[in-house]
Amino acid sequence: QVQVSESGGGQVQAGDSLRLSCAVSRRTASNNGMAWFRQAPGREREFVAGISWNGGNINYAESVKDRFTISREFGSSSASLQMNRLKPEDTAVYYCAISRTAVASMARNTYQYWGQGTQVTVSS
């Protein structure tokens with residue numbers, strides 16, 4: 001069984017930065033795309049950022065483009081999400097997900113493993 005765990009969440013002020021980390025228990029995930037999703041209270045889980053197995057293909061939700069950066073080391077089963085200039089609307093539980101394929105699409109049903117999530121709260 002593959003286990004996915006997130007860390008790095010917390011409570012910050014608007015304009016601050018946070019760095020989330022995702023660790024995966026099985027090294028074979030290094031061949032899979034990885035992504036971050038988030039879910040705010042009363043809203044559906046939404047795509048935030050995704051990165052392909054080798055880091056060659058990266059995409060972001062429009063709402064976080066130019067503020068967030070997803071990264072992973074080549075051959076690694078871990079990934080990070082650097083979040084800068086945080087806004088109150090970024091408040092959510094952030095989830096790391098492992099894709100069924102080598103790429104990371106925006107569709108939730110293309111992901112096979114999920115972490116338990118880490119809370120990010122941004123106050124104004």
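What you see below is based on every heavy atom in this structure, not just the backbone, and it leaves out hydrogens, waters and symmetry mates.
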Find the distance between [atom1] ([X]) and [atom2] ([Y]) and round it off to the nearest 0.5 Å.
X	Y	atom1	atom2	answer
Met106	Tyr60	CE	OH	12.5 Å
Ser17	Phe68	OG	CZ	9.5 Å
Lys87	Arg67	NZ	CZ	4.5 Å
Ser77	Asn31	OG	CG	8.0 Å
Ser124	Gln13	OG	CD	8.0 Å
Ser30	Glu73	OG	CD	12.0 Å

Answer yes when Asp90 and Arg38 have at least one side-chain N-carboxylate O distance shorter than 4.0 Å, and no when they do not.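 Salt bridge flag = yes for Arg38 with Asp90.
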hydrophobic_cluster_shared for Leu81 and Phe47, side chain cutoff 4.5 Å: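 In one cluster with Phe47: Leu81, no.
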Residues that Arg19 engages under salt bridge (charged side-chain N to carboxylate O under 4.0 Å, His left out), provided they are two or more places apart: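 Result, salt bridge (charged side-chain N to carboxylate O under 4.0 Å, His left out) vs Arg19: none returned.
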Surrounding CD of Gln3 (heavy atoms of other residues, nucleotides or ligands, distance under 6.0 Å), is the total greater than 12?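 Counting neighbours around CD of Gln3, 12 or fewer heavy atoms of other residues, nucleotides or ligands fall under 6.0 Å, so no.
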Please determine if Arg45 forms a cation-pi arrangement with Tyr95, meaning its NZ or CZ atom is less than 6.0 Å from the six-membered ring centre and no more than 45° off the ring axis.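 Cation-pi check for Arg45 and Tyr95: passes.
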Is the gap between the ring centers of Trp114 and Phe37 under 6.0 Å?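 Ring centroids of Trp114 and Phe37 are less than 6.0 Å from each other.
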State, with a plain yes or no, whether a side-chain heavy atom of Gln112 is found less than 4.5 Å away from one of Val2.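 In short, these two side chains do not touch, never coming nearer than 4.5 Å.
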Set of residues satisfying side-chain contact (heavy atoms from CB on, under 4.5 Å) with respect to Val12, sequence neighbours excluded: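 Result, side-chain contact (heavy atoms from CB on, under 4.5 Å) vs Val12: Asp16, Leu18, Leu86, Val122.
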Verify the distance criterion only: is there a donor paired with an acceptor across the side chains of Ser80 and Gln82 at less than 3.5 Å?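 Distance-only check fails for Ser80 and Gln82.
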Assess whether side-chain contact (heavy atoms from CB on, under 4.5 Å) is satisfied between Val24 and Tyr113, documenting all intermediate values. CA-CA 9 Å; Val24 183; Tyr113 300 112; over 6 Å; no
Spell out, as yes or no, whether a donor-acceptor pair under 3.5 Å connects the side chain of Gln39 to the backbone of Ala92.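 No.
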Between Glu6 and Thr118 (side chain of the first, backbone of the second, donor and acceptor by atom type, cut-off under 3.5 Å), is there such a pair?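 Checking the backbone N and O of Thr118 against the side chain of Glu6, no donor-acceptor pair under 3.5 Å is found.
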Compare every heavy atom of Ile98 with every heavy atom of Met34, then report the nearest pair and how far apart it is.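 Minimum heavy-atom contact is CE-CD1, 3.6 Å.
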Between Ser52 and Gly56, which heavy-atom pair has the shortest distance, and what is it?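 Ser52 and Gly56 have their closest heavy atoms at OG-N, 3.2 Å.
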Would you check, one step at a time, whether the test side-chain contact (heavy atoms from CB on, under 4.5 Å) holds for Cys22 with Trp36? CA-CA 9 Å; Cys22 174; Trp36 290 92; 3.6 Å; yes
side-chain contact (heavy atoms from CB on, under 4.5 Å), that's the test. Do Ile70 and Ile51 meet it? Break it down for me. CA-CA 7 Å; Ile70 188 171; Ile51 187 167; 3.7 Å; yes
